[in-house]
Amino acid sequence: MNEFRFRFLTILIGLLISITSCSSGGGDSEPEIELGDPIANQATSITSSSFTASWSRVYRAESYLLDVSEDAGFATFLAGYNAKSLVSLNEDITGLESNMQYYYRVKAVNGAIVSSYSNIVETTTSFIPDSDQTLKKAADTFFVGVAVQSGKLNGQYDETYRKEFSSITAEWEMKMNVMHPSVDTYDFGPADAIVNYGQTNGINVHGHSLIWHNSTPDWVKNFAGTDQEFEDMIEEYITTVVTRYKGKVTSWDVVNEAVEDGSGNLRNSIYRQKMGDDYIAKCYQFVRAADPDVLIFYNDYSMIIDQTKQDAVFAMVDDFIARNIPIDGVGFQMHISHDYPAKADIQKATDRIVERNLKVHFSELDVRANPNKDITSLTAERSLSQKAKVKEVVQVYNSIPNDNKYALTVWGLKDSETWLTDFYGYVDWPLLFDGNYNKKDAYYGFLEGLQ
Ligand code: G3I
């Protein structure tokens with residue numbers, strides 16, 4: 001290739017390069033800024049009239065545009081919050097209505113360049129109950145229950161029970177090991193005190209529980225008689241107790257926790273060993289014979305999270321319905337955590353009771369705030385998480401058709417007296433009132449769940 005042609009080609013190529021860089025503006029002008037989309041965080045510092053919106057910093061963003069609306073579609077905007085320009089990464093939104101849903105989103109800006117919208121955050125301002133609002137008044141379609149002890153029915157216990165609750169359950173003193181401590185002894189002292197307290201104060205009494213492997217007295221575990229003699233003894237015990245409280249106790253957990261975890265099999269309790277696999281049905285028939293009106297419940301724990309147990313219990317219930325074995329309701333104990341199980345799973349399991357036209361009892365609600373033992377005091381964040389879970393549980397319960405409602409019972413009054421501390425060996429705050437009878441966020445979550 002001769003020299004002239006080579007020169008001509010190099011000039012041509014040089015020309016071509018300068019033309020293209022000019023057309024893409026790459027001359028010496030800045031490359032186009034690309035703005036990432038902000039991430040909007042969960043609202044914080046939520047009160048009945050305000051919350052704090054915040055979002056992540058976006059690289060090269062000079063400012064942000066904040067939208068706040070009462071509808072998730074942003075068809076309308078809160079005054080002053082239609083693309084409000086801000087340089088900070090958070091904004092206190094004030095002057096809001098209580099117990100109201102709000103939505104916010106944000107964009108990042110650099111000059112004329114604007115990012116796409118962030119995710120949308122939904123938040124609800126706190127609910128201010130009327131000063132004289134109480135749990136039992138707010139829950140006008142079902143009983144609000146609490147687990148009680150015969151030695152704690154006076155003073156501030158009494159005041160709080162009569163003010164807030166419309167049902168009581170004996171936490172431990174209406175179980176066989178207390179009421180029937182030996183073959184020829186019945187001790188109804190504590191049970192009578194609790195039932196009379198209910199009668200005197202017009203508070204419903206739920207009986208808990210006639211047959212439970214964990215409250216079986218030793219003399220029953222070591223029963224030496226024949227299987228028939230055992231069955232006769234159980235029939236006599238159930239008849240004695242149910243007859244004693246006929247017309248005073250509205251309902252009984254006749255059999256409690258009879259299904260094993262995970263396997264769905266019947267526990268191999270002394271009752272099953274002596275009376276056979278159909279012992280539950282027999283016990284239900286003993287109760288019905290003693291009291292034609294008392295509500296008969298089957299009660300168990302992990303009924304949301306243990307699908308095998310849930311399926312086994314509903315298979316048993318369907319068998320009872322098919323065989324006309326008396327059963328009126330199912331109790332989900334609801335020993336849950338602030339972050340588990342999910343509302344949808346609680347709803348799905350609850351629907352299985354309603355589908356069978358039975359009564360639903362959330363019978364022993366407590367909501368662990370410290371399931372992972374990661375806090376040593378109840379933090380504001382964890383307290384709000386607990387509140388949200390309580391609200392969800394109450395929303396699910398309150399959505400049940402009225403004919404299927406019965407009671408939502410919390411398993412204790414004050415955090416300082418929860419069974420969980422002894423059981424797990426470390427501190428937790430699972431109830432609606434703190435150790436000084438103060439209403440917690442969880443209490444207001446209960447009320448908000450009824451709105
Ligand atoms: O109050 C007495 C005390 O005076 C005595 O010194 C002490 C020593 O025996 O006992 C204390 O009573 C204990 C009572 O809890 C009060 O704390 C009983 O022994 C103890 O058996 C009882 O435990 C109860 C447990 O059931 C067994 O009945 C728990 O309070 C109660 O929360 C727990 O509840 C069960 C439900 O019935 C079924 N579902 C699970 C739930 C939690 O385990």
Side-chain angles (χ1 to χ4, degrees), residues 145-155 157 161 165 167-182 187-191 193-195 197 205-221 237 241 249 251-261 267 269-271 280 283 297-306 309-310 313 329-337 341 349 360-368 370-371 393 407-433 435:
V146 61
V148 301
Q149 302 188 14
S150 66
K152 298 174 180 172
L153 296 172
N154 52 3
Y157 292 103
Y161 293 152
F165 296 95
S167 183
I168 52 177
T169 303
E171 184 167 3
W172 62 289
E173 293 158 309
M174 290 179 78
K175 293 166 183 171
M176 194 175 188
N177 59 341
V178 177
M179 293 192 299
H180 203 2
S182 66
D187 175 3
F188 292 118
I194 291 169
V195 173
Y197 178 82
V205 180
H206 171 69
H208 173 81
S209 71
L210 290 170
I211 299 291
W212 183 32
H213 67 283
N214 265 350
S215 60
T216 302
D218 291 343
W219 70 270
V220 172
K221 288 179 186 162
Y237 153 66
V241 175
V249 168
S251 53
W252 279 98
D253 292 333
V254 175
V255 173
N256 185 44
E257 303 177 10
V259 177
E260 276 177 356
D261 300 341
R267 290 180 194 280
S269 66
I270 188 71
Y271 307 102
I280 300 173
C283 292
F297 279 83
Y298 176 77
N299 193 53
D300 216 323
Y301 63 88
S302 294
M303 284 294 287
I304 314 295
I305 61 175
D306 185 336
K309 177 183 282 190
Q310 186 189 122
V313 167
V330 174
F332 288 172
Q333 292 184 8
M334 299 298 282
H335 296 293
I336 64 175
S337 292
V360 180
H361 187 192
F362 286 179
S363 58
E364 304 178 19
L365 177 70
D366 45 31
V367 182
R368 297 173 69 190
N370 196 16
V393 169
L408 200 171
T409 298
V410 288
W411 205 238
L413 181 63
K414 303 189 293 178
D415 283 340
S416 52
E417 296 173 354
T418 174
W419 69 285
L420 288 167
T421 308
D422 286 349
F423 189 81
Y424 288 107
Y426 65 85
V427 67
D428 206 324
W429 311 267
L431 299 168
L432 305 180
F433 295 82

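For ligands, and for the atoms within them, numbers begin at 1 and follow the listed sequence.
Within a 6.0 Å radius of OH in Y426, other residues, nucleotides and ligands contribute more than 12 heavy atoms.
Considering only residues two or more places apart in sequence or on other chains, D415 meets the salt bridge (charged side-chain N to carboxylate O under 4.0 Å, His left out) condition with K440. Residues forming a side-chain contact (heavy atoms from CB on, under 4.5 Å) with T421 (at least two apart in sequence, or on another chain): T418. Residues passing the salt bridge (charged side-chain N to carboxylate O under 4.0 Å, His left out) test with E417 are K152, K414, sequence neighbours excluded.
There is a side-chain donor-acceptor pair under 3.5 Å between E364 and H335. Looking only at atom types and distance, the side chain of S363 has no donor-acceptor partner in the side chain of Q333 under 3.5 Å away.
Closer than 4.0 angstrom to ligand 1 by heavy atom are Q149, E171, W172, K175, H208, W212, N256, E257, Q333, H335, E364, W411, W419, sorted by chain and number.
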